[in-house]
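Notes for the one structure printed next.
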Amino acid sequence: MKRLSLMMFILLLVVTGCGSNAAVNSSTGTANDAAAATAGKKTELTFYYPISVGGPLTETIEGMAKAFTDKYPDIIVKPVYTGSYSDTAVKTQAGVQAQTPPDVAVLQSTELFSLLDMDAIIPLDDLIAQEGAGYLDDFYPAFLANSQTGGKTYSIPFQRSTIVLYYNKELFAKAGLDPEQPPKTWDEMREYAQKLTKDGTWGLEIPVTGFAYWMLQTFSLQNGQNLMTEDGKQVMFNTPEVQEGLQYWADLAMKDKVMPEGATDWGTVPSDFLEGKTAMMYHTTGNLSNVKSNAQFDFGVAFLPMKKSYGSPTGGGNFYIFKDISKEKQEAAWKFVQFMTESERAAQWSIDTGYVAVRKSSYETEVMKSYTAEFPQALVARDQLEHADAELSTHNNGKIMKILSDQVQAVLSGMISPAEGLDHAQKEAEKTLAPFNK
């Protein structure tokens, strides 16, 4: 009996042991399966991007996204061309409201306050901290001005610009002007434009549609006045400095007759320049590669002429990472942002597009040194950053920009005076910003 009981006990131990091993094996198998599944899992990122300059940039962006996935096979980036900056902002807002935002997007740097008001984006400080001290020091301060508020950084500069003066050296020579000496002051620009306006060619063109506020800001900054406070809650549209700048701009068209009256289209201006219909133009440096590739004449690039000082607002787009997505996607998006703004890649992006390379170290790369040695015009916008300031950015930014741009167009069309237009813009802007100043 005792012997039978002992045998049954031993048998129970064997069965229990086998069951225990089976459980361990089953657990290990499940863990292995989960690890295998995780290892094979791919993170997909939807990436919105705009284009507001000439040239085949869609192919360039898609090529960069493919290169990223080649380096990080577990992250698939799906670039979605979303039109102009304004189109991209509208589509992004719709996605945020529907709780289906992009994972990462290039939007105008000036969208900062609007995106914060929507609670749409994350601060990047924790992600930046992973890169070690000094990471942001490599980015130009003028570009970071629209990236930061309240001591936090919310976006990383990417396709950034300043406005520069392009001029046709051949037309300069024909007009008796030194092709190596562009106008340096407002008075000189008027004088040069008068000499260049002949034979169906304008002396100067400045685009109005789409970015009238931005062009006005050039004259404002050159006269010692920016258009808004750093917190985005107040604007200064109707100061004497801004009025003088808009009066000068309007006089070039209506009094001096050296440029077209009314609302010259953003895209028309570079086309007119390339076709020899205008001898000088104000435009983004983001069009530099387009002009370089298509101009059939020798051209120069220069700082914008000064009044009290040189000056240009910065412009262009930054990378934003969105809030209503998984932590995993946010971290993957950060890898993508880092990749797209690496020094070598930022240098090549600048060469391909004409945008300013956003990192100082990009200008120390061999590819950039070689390029700028052969094409020094590419350094003008970078050098002008010393005199640049933040682009107009406020809460309810789209509406504020439209308020100002509408009045600028009315002034340039001869409908109202600069003082009347800017007074009206100031009052409307103050009403719009009132909720943010309580």
Side-chain angles (χ1 to χ4, degrees), residues 52-55 109 140 142-143 157 159-169 171-172 177 179-186 188-189 192-193 196 202-208 210-222 245 249 252 259 264 266-274 278-295 297-307 309-317 349-358 362-363 368 371-372 375-391:
S52 285
V53 298
S109 64
Y140 286 101
F143 288 150
Q159 52 187 49
R160 298 304 304 274
S161 61
T162 64
I163 304 165
V164 293
L165 179 72
Y166 295 82
Y167 65 99
N168 185 321
K169 290 186 176 183
L171 292 179
F172 265 50
L177 298 169
E180 304 307 321
Q181 295 295 324
K184 295 181 174 61
T185 66
W186 285 8
E188 283 186 358
M189 184 163 68
Y192 283 32
L196 291 161
W202 292 108
L204 173 68
E205 285 189 15
I206 299 174
V208 179
F211 296 95
Y213 73 90
W214 198 37
M215 295 296 154
L216 175 62
Q217 202 173 0
T218 68
F219 297 111
S220 171
L221 288 170
Q222 292 152 18
W249 184 6
L252 289 171
M259 59 182 289
T264 308
W266 171 261
T268 297
V269 174
S271 296
D272 284 354
F273 182 72
L274 291 171
T278 183
M280 298 185 289
M281 71 168 179
Y282 273 36
H283 222 276
T284 170
T285 187
N287 243 322
L288 180 59
S289 292
N290 177 44
V291 173
K292 181 176 182 287
S293 298
N294 294 293
F297 51 84
D298 193 11
F299 70 94
V301 180
F303 283 15
L304 298 177
M306 65 183 291
K307 176 66 172 177
S309 63
Y310 289 116
S312 171
T314 58
W349 171 250
S350 176
I351 293 167
D352 291 343
T353 63
Y355 284 112
V356 182
V358 294
S362 294
Y363 289 89
M368 184 62 90
Y371 180 68
T372 55
F375 186 56
Q377 294 96 318
L379 292 172
V380 173
R382 189 279 308 265
D383 294 344
Q384 193 176 229
L385 287 175
E386 181 182 347
H387 310 284
D389 208 337
E391 186 179 356

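Values reported hereafter were calculated over all heavy atoms of this structure, with side chains retained and with hydrogens, waters and symmetry mates removed. In this chain, numbering begins with 1 at the start of the sequence shown.
- Partners of Met306 under the side chain to side chain contact (heavy atoms under 4.5 Å, CB included) rule, at least two apart in sequence or in another chain, are Thr185, Tyr310.
- Considering only residues two or more places apart in sequence or on other chains, Tyr213 meets the side-chain hydrogen bond (donor to acceptor under 3.5 Å, both in side chains) condition with Gln108, Glu391.
- By the 4.5 Å heavy-atom criterion applied to side chains, Leu385 and Val356 are counted as neighbours.
- Between the CG atom in Leu204 and the CG atom in Leu165 there is a gap of 7.5 Å [rounded to 0.5 Å].
- For the atom pair CG (Leu177) and NZ (Lys169), the distance works out to 13.5 Å, reported to the nearest 0.5 Å.
- Leu252 has its side chain within reach of Met189: a pair of non-hydrogen atoms, C-beta onward, lies under 4.5 Å apart.
- Legend: residues meeting ring pair (Phe, Tyr, Trp, His ring centres under 6.0 Å) with Tyr192, ordered by chain and number and at least two apart, are Phe172.
- Using a 4.5 Å cut-off on side-chain heavy atoms (C-beta onward), Gln377 and Lys292 make no contact.
- Partners of Thr162 by side-chain hydrogen bond (donor to acceptor under 3.5 Å, both in side chains), not counting sequence neighbours, listed by chain and number: Gln384.
- By the 4.5 Å heavy-atom criterion applied to side chains, Met280 and Pro183 are counted as neighbours.
- When atom types are taken as modelled, the side chain of Tyr166 and the backbone of Ala302 share no donor-acceptor pair closer than 3.5 angstrom.
- Residues satisfying the side-chain hydrogen bond (donor to acceptor under 3.5 Å, both in side chains) test with Asp298, not counting sequence neighbours, are none.
- Here the side chain of Trp214 pairs no donor or acceptor atom with the backbone of Ile163 at under 3.5 angstrom.
- Tyr355 is not listed as a side-chain neighbour of Ser350, based on a closest heavy-atom distance of 4.5 Å or more.
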**Message:** Between Val301 and Leu288, is the side chain to side chain contact (heavy atoms under 4.5 Å, CB included) condition met? List the steps.
**Reply:** CA-CA 9 Å; Val301 180; Leu288 180 59; 3.9 Å; yes
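- The ring pair (Phe, Tyr, Trp, His ring centres under 6.0 Å) test applied to Trp202 returns no partner, not counting sequence neighbours.
- Between the side chains of Gln222 and Trp186, at least one donor-acceptor pair of N or O atoms lies under 3.5 Å.
- Residues satisfying the side chain to side chain contact (heavy atoms under 4.5 Å, CB included) criterion with Thr372, sequence neighbours excluded, are Met368, Ala378, Leu379.
- Within the 3.5 Å criterion, the main-chain N or O of Gly354 finds a donor-acceptor partner in the side chain of Thr285.
- Side-chain atoms of Arg160 come within 3.5 Å of backbone N or O of Phe143 as a donor-acceptor pair.
- With rounding to the nearest 0.5 Å, the separation of OG1 in Thr264 from CD in Glu205 is 5.5 Å.
- Judged as a side chain to side chain contact (heavy atoms under 4.5 Å, CB included), and not counting sequence neighbours, the contacts of Ala212 are Val208, Ser405, Val408.
- In terms of modelled atom types and a separation under 3.5 Å, the side chain of Ser289 and the main chain of Ile351 share a donor-acceptor contact.
- Counting heavy atoms from C-beta on, the side chains of Val291 and Leu274 come closer than 4.5 Å.
- With values rounded to the nearest 0.5 angstrom, Thr278 atom OG1 is found 8.5 Å from Leu196 atom CG.
- Residues Trp266 and Phe211 form a side-chain contact, since some pair of their non-hydrogen atoms from C-beta on lies under 4.5 Å apart.
- Rounded to the nearest 0.5 Å, atoms CG (Asn290) and OG (Ser271) are 8.0 Å apart.
- With sequence neighbours excluded, the residues that form a ring pair (Phe, Tyr, Trp, His ring centres under 6.0 Å) with Phe273 are Phe297.
- Looking at Arg382, its side chain never comes within 3.5 Å of a backbone N or O of Ala357 through a donor-acceptor pair.
- Residues Leu304 and Ser312 approach most closely at CD1-CB, 4.0 Å, considering heavy atoms.
- Residues Pro313 and Leu221 are in side-chain contact: their nearest non-hydrogen atoms beyond the backbone lie under 4.5 Å apart.
- Checked against side chain to side chain contact (heavy atoms under 4.5 Å, CB included), Pro270 has the following partners two or more places apart in sequence or in another chain: Met281, His283, Asn287.
- Across Trp249, Phe303, Phe219, a single residue satisfies ring-ring contact (aromatic ring centres under 6.0 Å, His included) together with Tyr282, and that is Phe219.
- Residues passing the side-chain hydrogen bond (donor to acceptor under 3.5 Å, both in side chains) test with Gln181 are Lys184, sequence neighbours excluded.
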